[in-house]
Amino acid sequence: MQLAVIGMGLIGGSAALDLKRAGFAERIIGVGRRPETAAEALRLGLVDAVAPLEEAVAAADLTILAVPVDAALPLLPRVLDQVGEGQTVTDMCSTKRTLMAAVAGRPRRARFLGSHAMAGTENSGPRAAQPDLFRGKIGILCDTEASAPDAVAAVEGLYRALGMRLVRMDAARHDLHTAYVSHLSHAVSYALALTVLDKERDEAAIFNLAGGGFASTARLAKSGAPMWTPIFMNNQDHLLEALDAYRGHLDALREAIARGDVPALNDLIARANDIRRILG
Ligand SMILES: NC(=O)c1ccc[n+]([C@@H]2O[C@H](COP(=O)([O-])OP(=O)(O)OC[C@H]3O[C@@H](n4cnc5c(N)ncnc54)[C@H](OP(=O)(O)O)[C@@H]3O)[C@@H](O)[C@H]2O)c1
């Protein structure tokens with residue numbers, strides 16, 4: 001299979017590495033924006049060649065869009081309008097509804113299947129690409145009924161080659177669930193990092209005390225704005241709902257602390273401990 005990978009960063013680069021290694025792709029053509037990113041992807045061996053978008057898509061059985069969602073919105077209809085029968089397009093972006101709306105009613109809509117590999121790190125660019133990033137994690141296929149059966153089969157094959165467990169979900173539910181389990185955690189981590197960085201102005205040595213707990217909760221705050229601002233903006237309604245719910249719990253904790261209400265605090269913490277049921 002010939003593959004085109006548009007966006008050779010963490011997600012596109014990691015997928016390219018594993019799909020080549022698994023024998024799923026015979027040849028992978030990368031499409032970049034900045035020449036230095038394309039050169040780096042080539043030097044690292046993530047792709048076999050780089051080419052302009054139209055050339056790469058024309059040669060590909062399967063095209064993967066792995067760029068930030070705001071970049072994918074204008075690219076996806078352009079790519080889709082170019083493909084013929086037997087060619088498939090998928091994206092691996094973190095939000096789905098606006099992309100689905102961008103291709104609704106398009107003549108080649110059935111050649112597209114929106115997907116999301118639920119795996120990642122806080123690092124970006126070709127150098128962040130790593131093998132086995134996706135293994136054992138969940139791959140979501142969205143609105144499969146709007147795609148041709150052979151397009152669904154091609155994307156299922158891709159995710160299986162990455163070692164992922166497949167889940168089907170409509171785009172609306174995908175965006176609702178990811179607002180709570182992914183986008184909210186990033187927003188909270190940014191707020192936590194900002195809070196402690198503000199305090200650092202007065203208390204320069206504050207980070208000397210930062211331990212594993214701070215590092216694990218603030219890790220997501222290392223993730224960059226070019227990817228996360230578009231995610232927040234493309235899932236604005238659900239993220240606002242999640243942030244309001246979160247703020248309610250934060251207020252409840254604050255009030256119990258302010259009142260010195262030990263039973264209320266014990267109760268809130270005990271209820272939160274139920275997360276062990278999910279995370280182990
Ligand atoms: N990181 C995660 O944890 C994670 C997890 C699941 C899904 N995702 C989704 O996966 C997608 C890619 O994320 P990522 O983490 O791989 O980001 P990344 O490491 O920053 O890579 C994105 C790449 O897209 C390229 N790009 C941007 N605009 C482009 C355009 N118009 N044409 C061609 N290339 C373009 C950038 O190249 P230049 O350097 O040339 O600008 C960059 O190398 C995003 O939609 C994200 O939401 C991310």
Side-chain angles (χ1 to χ4, degrees), residues 4-19 28-44 46-47 50-57 60 63-79 82 89-100 102 114-130 132-135 137-142 155 158-159 162 164 167 171 174-175 177-179 181-183 185-187 189-190 219-235 239:
V5 176
I6 305 172
M8 296 169 282
L10 168 71
I11 297 298
S14 301
L17 277 177
D18 284 352
L19 293 171
I28 304 181
I29 306 171
V31 179
R33 181 173 53 170
R34 293 178 303 136
E36 53 271 37
T37 305
E40 179 137 64
L42 270 175
R43 187 180 60 74
L44 292 168
L46 304 181
V47 294
V50 293
L53 183 122
E54 275 73 18
E55 197 181 308
V57 171
T63 294
I64 303 171
L65 263 166
V67 296
V69 64
D70 61 337
L73 279 167
L75 284 178
L76 178 59
R78 201 173 127 196
V79 169
Q82 198 200 315
V89 181
T90 191
D91 78 285
M92 291 184 148
C93 296
S94 304
T95 63
K96 288 273 108 38
R97 283 174 301 166
T98 53
L99 283 168
M100 294 299 182
S115 66
H116 181 191
M118 295 287 293
T121 72
E122 63 277 20
N123 303 315
S124 61
R127 262 184 298 172
Q130 59 184 74
D132 282 329
L133 178 69
F134 305 103
R135 185 159 300 284
K137 306 278 173 39
I138 287 178
I140 303 173
L141 309 182
C142 286
V155 180
L158 180 158
Y159 277 89
L162 292 176
M164 301 196 88
V167 171
H174 168 278
D175 285 4
H177 289 191
T178 53
V181 298
S182 171
H183 309 165
S185 331
H186 281 80
S189 191
Y190 289 130
R219 177 181 67 81
L220 298 177
K222 297 180 196 169
S223 308
M227 190 176 105
W228 278 96
T229 299
I231 292 174
F232 289 169
M233 287 298 92
N234 280 271
N235 207 13
L239 181 57

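Heads up: numbering here begins at 1 and tracks the sequence. Given the structure is predicted, the values throughout are model-derived calculations rather than measurements. When a ligand or atom number is given, it counts from 1 through the structure's own listing order.
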Could you pull out the closest heavy-atom pair between G114 and T90, with the gap in Å? C-OG1, 4.2 Å
Does E54 have any side-chain contact (heavy atoms from CB on, under 4.5 Å) partners at least two apart in sequence or in another chain, and if so, which? R78, Q82
For a distance cut-off of 3.5 Å, show me each N or O of ligand 1 paired with any protein N or O, plus the separation.
from	atom 1	to	atom 2	distance (Å)
ligand 1	8 (N)	S94	OG	3.3
ligand 1	10 (O)	M92	O	3.4
ligand 1	16 (O)	L10	N	3.2
ligand 1	16 (O)	I11	N	2.8
ligand 1	19 (O)	L10	N	2.9
ligand 1	19 (O)	G125	N	2.7
ligand 1	39 (O)	R34	NE	3.3
ligand 1	39 (O)	R34	NH2	2.9
ligand 1	39 (O)	T37	OG1	2.6
ligand 1	40 (O)	R34	N	2.8
ligand 1	40 (O)	T37	OG1	3.2
ligand 1	41 (O)	R33	NE	2.9
ligand 1	41 (O)	R33	NH2	2.6
ligand 1	45 (O)	V67	O	2.7
ligand 1	47 (O)	S94	N	3.4
ligand 1	47 (O)	S94	OG	2.6

If you look at every heavy atom in A119 and I11, which pair is closest and at what distance? O-CD1, 3.6 Å
Testing L65, I64, D91 for side chain to side chain contact (heavy atoms under 4.5 Å, CB included) with I6, which one passes? L65
Short side-chain donor-acceptor distance under 3.5 Å, N234 and T98: yes
Using every non-hydrogen atom in the two residues, find where A129 and G9 come nearest and quote the distance to one decimal. CB-O, 4.1 Å
